[in-house]
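What's counted below: heavy atoms across the whole structure, side chains too, no hydrogens, waters or symmetry copies. Bear in mind that the values here come from a model prediction, so they are computed numbers and not experimental data.
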Amino acid sequence: MLDIKLLRDNPELVDRGLKRRGLAAPLDHFLELDARRRSLLTEVEKLKHKRNVVSEEIGKLKKAGKEPVELIAEMREVSQRIKALDEEIRAVEEELDKELLTLPNLPHSSVPDGSGPEDNVVVRTWGEKTSFSFTPRPHWEIGEELGIIDFERGSKVAGARFVFYRGAGARLERALINFMLDLHIEKHGYTEVFPPYLVNSQTMIGTGQLPKFAEDMFHVTGTDYYLIPTAEVPVTNLYRDEILDGDLLPIYHVAYSACFRAEAGAAGRETRGLIRQHQFNKVELVKFTRPEDSYEELEKMTRDAEEVLRLLGLPYRVVVLCAGDLGFSAAKTYDIEVWFPAAGTYREISSCSNCEDFQARRANIRFRPSPKEKPRYVHTLNGSGVAVGRTLAAILENYQREDGSVVIPPVLRPYMGGQEVIARKGS
RNA sequence: GGAGAGAUGGCCGAGUAGGUCGAAGGCGGUCGCCUGCUAAGCGAUUGUACAGGCUUCAAGGCCUGUACCGCGGGUUCGAAUCCCGCUCUCUCCGCCA
């Protein structure tokens with residue numbers, strides 16, 4: 001969430017930031033509530049002070065053998081007044097909190113203006129678009145023909161947007177996961193964590209999914225458990241309500257997890273194939289940094305994610321999201337888009353964001369710069385490193401051959417028992 | 001799932017016939033002294049949040065108050081201490097991958 005002091009002291013700045021996102025925020029109402037809260041606080045704190053002083057006095061009198069009847073009666077009234085005021089404050093704070101928790105992060109100054117994906121700006125491109133001597137086919141056709149992806153049975157067993165991988169497909173998915181994890185652990189210095197897939201609502205608030213985006217998630221009925229939409233959620237919340245030693249920063253974590261998304265409202269958009277599933281695999285990068293380092297760390301993290309695609313030989317480009325296309329918690333985001341030859345388009349395969357202190361403030365994640373100094377909020381970053389299912393799809397399309405077989409990228413072969421090609425049984 | 005025990009400050013750990021407890025003591029940290037250096041020793045200091053006031057160009061600093069002894073509620077003039085509910089941890093039993 002945003003700093004309440006920033007809203008108070010500099011509402012025009014906040015307003016400008018939210019406008020860039022295409023939002024008109026009701027800041028007047030907010031400021032009103034805030035002023036009301038503070039005046040109530042002043043009043044009730046004075047009364048509490050009185051109660052504390054007089055109560056102590058009563059104790060002394062009683063010890064001296066006296067019975068201060070009028071004082072006790074007076075304090076009884078004071079206590080009732082305090083109770084009423086506390087109740088009022090709670091109500092105001094609840095409303096204030098609700099508003100604060102539904103305001104998105106402000107875009108960083110380096111983020112371009114714009115209202116949607118069409119205004120995102122390409123910052124670099126890597127690799128040549130794959131060329132074919134035949135018409136490349138979409139990955140779902142290739143996968144079904146090879147018998148390595150089974151959409152139909154996925155629908156039967158679970159429903160639309162669920163899939164079975166089988167045989168070399170299942171192994172390829174697993175190979176990708178291990179390849180990505182090993183790369184980030186061994187070469188980029190990340191520490192692996194394996195998180196819970198179910199988390200509580202407080203965790204979901206910490207990273208910004210709740211209270212605003214409940215309909216995007218799967219919720220376990222009758223419990224406070226939600227299926228994670230990304231490992232970013234549990235991993236960022238790892239250090240919730242903690243004060244980290246400044247020497248530990250920056251912290252790099254990498255986590256594999258399955259991800260679960262309700263995809264409400266996504267009907268009809270890219271429904272085919274592996275692109276948009278209710279459950280998919282992802283290797284996620286999460287960083288906790290000092291505020292002054294976070295933008296440099298964002299660049300590094302993006303490069304770390306890009307290297308996955310370079311090693312796999314998949315052509316891609318990096319775009320910086322415009323203000324209007326930014327996610328709720330992000331101040332700046334780079335999307336990495338991989339080339340899909342059948343559709344002739346680049347598609348998102350990774351999203352690397354700096355959330356600055358937006359999540360840290362919600363989740364109360366702080367660090368002590370040095371033993372003498374006061375705690376400060378860390379900056380949190382997260383990025384896909386990268387989405388596994390989409391990578392598998394991209395491999396099928398970019399590495400397909402005319403006979404329907406698919407070459408396995410060399411870096412993955414050690415993870416595939418040396419297998420070099422996936423071909424139809426019997427061919 | 002059943003039975004029992006517990007949850008106190010960065011960590012460990014006192015404190016329950018309710019009042020002077022933001023909380024003994026220790027460790028760790030910081031500052032100073034001492035030592036040729038290091039270690040040891042001596043002394044001082046050391047929580048967080050919110051609100052108000054003072055101060056600074058600012059970062060920040062100072063003062064006052066309030067809250068916080070797992071979380072939420074209750075009793076009381078007054079609760080770390082009493083009562084109720086919940087959560088989590090540990091031990092034993094059952095079950096299970």
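Two residues, Ile4(A) and Ile72(A), neighbour RNA chain B, and the one matched to the more 5' nucleotide by heavy-atom proximity is Ile4(A). Positionally, the nearest nucleotide of RNA chain B for Lys83(A) lies more toward the 5' end than for the other of Lys83(A) and Ser79(A).
Rounded to whole Å, the P atom of G78(B) lies 23 Å from the corresponding atom of U16(B). Nucleotides C71(B) and C33(B) have their P atoms positioned 42 Å apart, rounded to a whole Å. Taking atom P on both nucleotides, A7(B) is separated from G15(B) by 11 Å, rounded to a whole Å.
Residues Met180(A) and Thr391(A) meet the side-chain proximity criterion, which asks for heavy atoms closer than 4.5 Å. Annotation: side chain of Pro229(A) is in contact with side chain of Met204(A) (closest heavy-atom distance under 4.5 Å).
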Original post:
Dot-bracket for RNA chain B, 5' to 3', with Watson-Crick and G-U pairs under 3.5 Å, [ ] for crossing pairs and | for other-strand pairs: what is it?
Top reply: ((((((((.[[[..)...(.....]]]((((((.......))))))(((((((((....))))))))).[[[[[..)....]]]]])))))))....

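Taking the six-membered ring for Trp and the full ring otherwise, His184(A) and Tyr252(A) have centroids separated by 6.0 Å or more.
In this model, the phosphate group of A49(B) is not approached by any side-chain N or O of Arg361(A) to a distance below 4.0 Å at OP1 or OP2. Side-chain nitrogen and oxygen atoms of Arg76(A) include none within less than 4.0 Å of the OP1 or OP2 phosphate oxygen of G78(B).
The CD atom of Glu67(A) sits 13 Å away from the C1' atom of U76(B) (whole-angstrom rounding). Atom CG in Asp245(A) sits about 16 Å away from atom P in G28(B), given to the nearest Å. Atom CD of Glu242(A) is separated from atom C1' of G47(B) by 16 Å (rounded to the nearest Å). One can place NZ of Lys5(A) at 13 Å from C1' of G60(B), the figure rounded to the nearest angstrom.
Note on Arg376(A): nothing from the nucleic acid sits closer than 4.0 angstrom, heavy atoms only. Among the heavy atoms of the strands, none lies under 4.0 Å from Pro68(A).
Ion pair Arg38(A)/Asp34(A) flagged as a salt bridge, since at least one NZ, NE, NH1 or NH2 atom sits closer than 4.0 Å to an Asp/Glu carboxylate oxygen. Ion pairing between Glu263(A) and Arg161(A) fails under the 4.0 Å rule for side-chain N and carboxylate O. Taking 4.0 Å as the cut-off between side-chain N and carboxylate O, Glu43(A) and Arg81(A) count as a salt-bridged pair. Ionic pairing of Lys98(A) and Glu95(A) is not present here: no N-O contact between side-chain nitrogen and carboxylate oxygen is shorter than 4.0 angstrom.
If you check U75(B), A51(B), U20(B) against the side chain of Arg8(A), the one that comes closest is A51(B).
For RNA chain B, the residues of residues 85-95 of chain A within the heavy-atom distance limit of 4.0 Å (strictly under) are Arg90(A), sorted by number. Contacts between residues 37-62 of chain A and RNA chain B, counted as heavy-atom distances below 4.0 Å, involve Arg37(A), Arg38(A), Leu41(A), Thr42(A), Glu45(A), Lys48(A), His49(A), Arg51(A), Asn52(A), Ser55(A), Ile58(A), Gly59(A), Lys62(A).
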Can you check nucleotides 9-12 of chain B for protein contacts, nitrogen or oxygen pairs under 3.5 Å, and list what you find?
none

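Among residue pairs with one or both ends in residues 59-78 of chain A, those qualifying as side-chain hydrogen bond (donor to acceptor under 3.5 Å, both in side chains) are Lys50(A)-Glu74(A); sequence neighbours excluded. Judged as a salt bridge (charged side-chain N to carboxylate O under 4.0 Å, His left out), not a single pair has a partner in residues 193-219 of chain A (not counting sequence neighbours).
Checking side-chain atoms of Asp15(A) against main-chain N and O of Pro11(A) turns up no donor-acceptor pair under 3.5 Å.
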